[in-house]
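Take a look at the structure below.
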Number of protein chains: 2
Amino acid sequence: MARNAQRSTPVIKDVAKLAGVSAPTVSRYLNGTANVNEEKRKRIAQAIKLLGYKPSIVARALANKEMDSVMVFATNSGTFSTNMTNIGVERGAQSKNYLFGVTTLSEHHIDDVQQMVQMALGSNPAGVIVYEYDHAGAEALRYIPDGMPLVIVGGNAGEGPYQVINSEREGGREMTKYLLGHGHKTVYHVARAEGPSSNTRTNGWRDALTEAGAPIPEILRVSAADLQEAVEAGRALGRRDDVTAVFAGNDETAIAVINGLREEGRSVPEDVSVVGFDDRQFAPLWKPALTSYRQNFNEMGERAFAMLYEQIQAKRAGEEPPQSRLETVQGRMIVRDSAQ
Amino acid sequence: MARNAQRSTPVIKDVAKLAGVSAPTVSRYLNGTANVNEEKRKRIAQAIKLLGYKPSIVARALANKEMDSVMVFATNSGTFSTNMTNIGVERGAQSKNYLFGVTTLSEHHIDDVQQMVQMALGSNPAGVIVYEYDHAGAEALRYIPDGMPLVIVGGNAGEGPYQVINSEREGGREMTKYLLGHGHKTVYHVARAEGPSSNTRTNGWRDALTEAGAPIPEILRVSAADLQEAVEAGRALGRRDDVTAVFAGNDETAIAVINGLREEGRSVPEDVSVVGFDDRQFAPLWKPALTSYRQNFNEMGERAFAMLYEQIQAKRAGEEPPQSRLETVQGRMIVRDSAQ
DNA sequence: CTGAAAGCGCTTACAG
DNA sequence: CTGAAAGCGCTTACAG
């Protein structure tokens, strides 16, 4: 029985035996951690192919105290951007044969963050990426041990040595300036909850107003879950004839605001200009087609992984960590018909 | 130096020493794999708390040949549903302290599926969930070894012993019947690419037409990425005055079709009734508010994890696998104004 | 009920 | 350049 026992999956010892070398030699061949005789290389390569051998990521993780994986810590706010960013990170991970895991933190359960982070770290990921768009993200950062490869996505510029941010604040500024440029005295803002970062569309809106010396109206806060609140905000705005331009926190909010405005008899963009943010798929189809701001979250994710990978490689090679870096993924305004 | 060496993280041996027992006893305490003397239990519990000990998920994975993790295999089609389902699975995983990983397969790179699945399996997940909405998902199934806990999400009923499907076909049927019930002679259908499953909204549409003895018009196929194709489909439909009812493959497609219809001078719902699918956040805000069909993907994910977890537990306990099961997560039609 | 031993599949000093 | 040994942190027979 023993002699016929077919291992379901070959292990390094099998490769070694077939190639007539020791396991450590196979390991060294695999990891390039030492030179291996040319002829043996060939035999090993052959044995690997023959057996269809794949190193056990788990055993490596135990020996190395590090798994070939990335863990992203995201929060449940902003599913669209989170999801798009995840896809970018995963794409990068796949290209390097890294496992991709995500643990979602809840903004409403800040007390659980520490435990969740520690649990996720229990799998010894080679590096982590944390999305710092809100407090849960910021909290997670506290529990990432020093020396662990880390890149922050979002947050304030300069928050971590390795960071990729978007041009959200600049986007808010640009949209607002655009509106101001069309002669509006000021621009109203309907926003969803903001995170701790200062790189927000809302701050961009304020920047533009300040620069132009325009009055800064009070912000109308609405819930992300219940668009009806944004409709109400639109109605409130519609009742005041001094409002002629509105910067909505995102495209869903924009269409809700437009509906509210119309309920009060205002037309868009004739009476009131409205712009959104995110450029969702429906934006060009809306009537009027939404002027919005498009960000490239996929690219943010890909860049974040690339940045992380560099750190991991350097660490493994015992080299100095790469130079700290802040990358900004540029978005752009998409001009359509909802503002004039 | 040695005596002062502070382990960054305590291991089982540390707990054992502090509690005055052996490591296996701690292990048995932790896993409930044998009874442990009451007094020792207390000492162990105390030591664990004192040290803040967390078992290494990696070491356990190596010893058990199984990691406390779920791996989901998803495809890049249908980001909305995939993302929502993932959230449900992850929620379940978190509740059981399981790691959650996802590997996204590409419908356009079927040849890579085997390799990607095998790589992901290299982490020895305790179980896998595959979303079988298209060919890549079906292909992935081929490489999941027998005996590995598995649940299929989507696909045809009965495809696997453990499966959770949605009521998509029934939804298509219901929407179509609804339209037929309003006196339309038949219902046109604008659809995006279909997967290999028969549980599709398109089949539901066909079912309803067949049952009613209504003519079955040719399907207008459009791309998911380029909504402009759906606008064109709407225009094509608008040019024929025999079309009075359209079942669009999803909400984005519905608004695109409505736009196309209007470009040809048809009004909705007066001249033509249009219904969507998915009930996206913007659906109630569209003019006219979209009649649509809402599915609960979060719940599908949660149920899938629960079903998987049962299998895992049974397997670990050496019990018979749970009875095979097919669960359907029911969706429902949301009647609004776009059809009459 | 519980400990000593062996093993999971790798990697990394240590010799040579 | 390469092998024997030891170790990563657990778990599971095997004895008692």
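Throughout, protein chains are lettered first and strands after them, A, B, ... in sequence-line order, and every chain is numbered starting at 1.
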Sidechain-backbone polar pair: B:Asp14 side chain, B:Val11 backbone, donor-acceptor under 3.5 Å: yes
Would you please test B:Tyr98 and B:Tyr309 for ring pair (Phe, Tyr, Trp, His ring centres under 6.0 Å) and show each step? CA-CA 10 Å; B:Tyr98 266 52; B:Tyr309 190 71; 5.6 Å; yes
Under 4.0 Å from OP1 or OP2 of D:dG3: is there any side-chain N or O of A:Ser22 that close? yes
A:Lys17 NZ to D:dG3 P, straight-line distance once rounded to whole Å: 15 Å
Rounding to an integer number of Å, can you tell me how far A:Glu66 CD sits from D:dG9 P? 14 Å
Does B:Lys40 make a side-chain N or O approach to OP1 or OP2 of C:dT2 shorter than 4.0 Å? yes
Decide, yes or no, whether a salt bridge links B:Arg142 with B:Glu139 under the criterion of side-chain N to carboxylate O below 4.0 Å. yes
Any donor-acceptor N/O pair, B:Glu299 side chain to B:Val329 backbone, under 3.5 Å: no
Return no unless some side-chain N or O of B:Lys65 is found under 4.0 Å from OP1 or OP2 of D:dC10. no
Does the distance from a Lys or Arg side-chain N to an Asp or Glu carboxylate O, for B:Arg325 and B:Glu310, drop under 4.0 Å? yes
Taking only N and O in the side chain of B:Asn37, is any of them less than 4.0 Å away from OP1 or OP2 of C:dC1? no
Considering only D:dG9, D:dT2, C:dC10, which nucleotide approaches the side chain of A:Thr25 most closely? D:dT2
Going 5' to 3' along nucleotides 11-16 of chain C, which nucleotides have protein heavy atoms under 4.0 Å from the base (write B), which only from the sugar-phosphate (write S), and which from neither (write -)? SBB---
Suppose we define a pair by two distances each less than 3.5 Å, Watson-Crick or G-U wobble; what does C:dT2 pair with here? D:dA15
